[in-house]
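Have a look at the structure below before the remarks.
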Amino acid sequence: MKILSTIKYLLAIAAIVFIFFNWHVSIVLFIIGTLLHVFPLGPNPLLSVITGELIIAGAIFMFINWKIGVALIIGGFLVTKFRVWGNKKNYEYYVEKNKNEKEKKEK
């Protein structure tokens, strides 16, 4: 975890430095750092961050190219639907698993 934390901070510092030279590189470094920050927390927070980044990028791209902006926003909503579906399946699995464990203990 120390290596991951070190990489996150180096990416953050590099993003701040690159903002003066090339803001495109700075944005990419910031996004990679954000994903590395959320990665150890699991799939649900990771998908949440990806959804937020897609929707924010879509809102920004609406001013540059509306087709790309709409595609990014739709992609964000599709990731959200996948996240909700995954949470639902996870809940159903653990409810069934707990129910089977209780039945085994009663016998």
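A quick note: this is a predicted structure, and the numbers were derived from the prediction, not measured.
Using a 4.5 Å cut-off between side-chain heavy atoms of Ile, Leu, Val, Met, Phe, Trp and Tyr, I60 falls into a hydrophobic cluster with I56. Here Y94 is tied into one hydrophobic group with Y93, each link being a pair of ILVMFWY side chains closer than 4.5 Å. The hydrophobic cluster of F63 has no other members, since no ILVMFWY side-chain heavy atom comes under 4.5 Å of it.
Shown here are the side chain to side chain contact (heavy atoms under 4.5 Å, CB included) partners of I16, two or more places apart in sequence or in another chain: there are none. In this structure, the side-chain hydrogen bond (donor to acceptor under 3.5 Å, both in side chains) partners of N22, at least two apart in sequence or on a different chain, are H24. Shown here are the salt bridge (charged side-chain N to carboxylate O under 4.0 Å, His left out) partners of E92, two or more places apart in sequence or in another chain: K89. L47 meets the side chain to side chain contact (heavy atoms under 4.5 Å, CB included) test with V79, F82, R83; sequence neighbours excluded. Remark: P43 pairs with no residue by the side chain to side chain contact (heavy atoms under 4.5 Å, CB included) rule, at least two apart or across chains. Scanning for side chain to side chain contact (heavy atoms under 4.5 Å, CB included) contacts around L78 gives I74, with sequence neighbours left out. Partners of K67 by salt bridge (charged side-chain N to carboxylate O under 4.0 Å, His left out), not counting sequence neighbours: none found.
From I55, atom CD1 reaches atom CZ of F77 across 4.5 Å, with rounding to the nearest 0.5 Å. The structure places CG of L46 at 9.5 Å from OG1 of T51, a figure rounded to the nearest 0.5 Å. Interatomic distance, L72 CG to N65 CG, rounded to the nearest 0.5 Å: 10.0 Å.
L36 and L29 fall within the same hydrophobic cluster, defined by Ile, Leu, Val, Met, Phe, Trp and Tyr side-chain heavy atoms under 4.5 Å apart, directly or through other members.
Residues in residues 26-38 take part in these side chain to side chain donor-acceptor pair (under 3.5 Å) pairs, two or more places apart or across chains: K8-H37.
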